Every structure is written in C-alpha cells, then in structure tokens.
Amino acid sequence: MMKYFIYILYSENSNIYYTGYTSNVEKRISEHNESDKNTFTSKHRPWILKEYFEVLGTEADAMKIEKFIKKQKSKIFIEKILDSETIFTGILAQLVRVPKLRD
C-alpha cells in the first residue's frame with residue numbers, strides 16, 4: 001500500500017506557506033523549486049520544507065485533508081499545525097508527525 005504525506009512549505013521571500021500532498025516528498029519539493037512551468041509556487045521560490053506528516057489512509061484521504069487545510073486560508077491555522085504541541089482532532093487526526101532527522 002502506498003503512503004501519502006501532507007507537506008507544508010514556506011517561502012521566506014513571500015512570507016507565505018503552501019500545503020500539498022504527495023507520495024514522494026523529496027521529489028515534490030524539487031518539482032516546486034525547479035519546474036519550468038509557470039505556477040503559483042514558481043512565483044514564490046525558493047520553498048523550504050517546514051514539516052510533513054504521514055496520512056493514515058488513502059490518497060483520497062490525503063486530498064481531503066489538503067483541501068481542508070487550504071480552505072482555512074489561514075497562516076495562523078498552518079502555524080498551529082506546525083506547532084509540535086498541537087494535538088490533532090477531527091479530519092487532522094489522520095496526520096502523524098514524521099520525526100525530523102537530527103545531525
């Protein structure tokens with residue numbers, strides 16, 4: 001079974017967050033930062049990965065969570081998701097924090 005992730009990127013240049021879902025986080029971030037296509041994310045490069053979460057469910061679940069987060073249209077909401085103290089409830093309860101690798 002394929003794993004899906006919700007990822008949150010940050011653009012220091014534009015001071016904005018971007019949320020997406022994917023089955024391959026590294027590849028997807030590379031596409032946001034390097035694609036030749038004229039897209040929303042291409043206008044706000046470079047993007048920094050702030051956090052990603054494994055979705056306990058299907059691709060449809062990942063899409064639903066991504067849509068839910070984007071619909072909030074709230075930087076404060078995203079920063080709350082990024083806060084390690086936040087306990088996820090409701091639709092976000094399907095998210096599992098992926099441990100950061102330490103040097």
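Just so you know, these numbers come straight off a predicted model, no measurement behind them.
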> Do the side chains of N38 and K43 get nearer than 4.5 Å, heavy atoms only?
Replying inline: yes

>> What's the separation between atom OH in Y52 and atom CD1 in I8, rounded to the nearest 0.5 Å?
In response: 13.0 Å

> Can you check side-chain contact (heavy atoms from CB on, under 4.5 Å) on M2 and E59, steps first, answer last?
Replying inline: CA-CA 8 Å; M2 190 170 284; E59 182 176 15; over 6 Å; no

> Is F53 reachable from W47 through a run of I, L, V, M, F, W or Y residues, each pair having side-chain heavy atoms under 4.5 Å apart?
Replying inline: no

> To the nearest 0.5 Å, how far apart are NZ in K64 and OG1 in T58?
Replying inline: 7.0 Å

> What pairs of residues pass the salt bridge (charged side-chain N to carboxylate O under 4.0 Å, His left out) test when at least one of them lies in residues 68-96, not counting sequence neighbours?
Replying inline: E66-K70

> Looking at CG of L92 and CD1 of I81, how far apart are the two atoms once the value is rounded to the nearest 0.5 Å?
Replying inline: 5.0 Å

> M63, L56: one ILVMFWY side-chain cluster at the under-4.5 Å cut-off?
Replying inline: no

>> Walk me through whether L9 and I48 qualify under side-chain contact (heavy atoms from CB on, under 4.5 Å).
In response: CA-CA 5 Å; L9 304 179; I48 301 161; over 6 Å; no

> If every non-hydrogen atom of P46 is compared with every non-hydrogen atom of N13, which pair is closest and at what distance?
Replying inline: CD-ND2, 3.2 Å

>> With side-chain contact (heavy atoms from CB on, under 4.5 Å) as the criterion, how do Y21 and D61 come out once you've worked through the C-alpha distance, each side chain's angles and the decisive distance to 0.1 Å?
In response: CA-CA 10 Å; Y21 87 92; D61 294 321; over 6 Å; no

>> Could you see if I29 belongs to whatever hydrophobic cluster contains F5? Use Ile, Leu, Val, Met, Phe, Trp, Tyr and a side-chain cutoff under 4.5 Å.
In response: yes

> Do S11 and H44 have side-chain N/O donor and acceptor atoms under 3.5 Å apart?
Replying inline: no

> For L82 and Y10, what are the C-alpha separation, side-chain angles and deciding distance, and is it a side-chain contact (heavy atoms from CB on, under 4.5 Å)?
Replying inline: CA-CA 11 Å; L82 294 172; Y10 179 70; over 6 Å; no

>> Under a 3.5 Å cutoff, is there a donor and acceptor pairing between the side chains of E34 and S30?
In response: yes

>> Distance check, rounded to the nearest 0.5 Å: Y18 atom OH versus L49 atom CG?
In response: 13.5 Å

>> Looking only at side-chain N and O atoms, does Y4 offer a donor or acceptor that is under 3.5 Å from a partner on E54?
In response: no

> Has the side chain of Q94 got a donor or acceptor atom that lies under 3.5 Å from a matching backbone atom of V55?
Replying inline: no

>> Let me check something: do V96 and V98 share a hydrophobic cluster, defined by ILVMFWY side-chain heavy atoms less than 4.5 Å apart, either directly or through other members?
In response: no

> Side chains of H32 and Y7: donor-acceptor distance under 3.5 Å anywhere?
Replying inline: yes

>> In the structure I gave you, are the side-chain heavy atoms of E26 and N24 within less than 4.5 Å of one another anywhere?
In response: yes

> Looking at CZ of F77 and OH of Y17, how far apart are the two atoms once the value is rounded to the nearest 0.5 Å?
Replying inline: 13.5 Å

> V25, I6: one ILVMFWY side-chain cluster at the under-4.5 Å cut-off?
Replying inline: no

>> Once rounded to the nearest 0.5 Å, what's the spacing between atom OG of S35 and atom CZ of R45?
In response: 6.0 Å

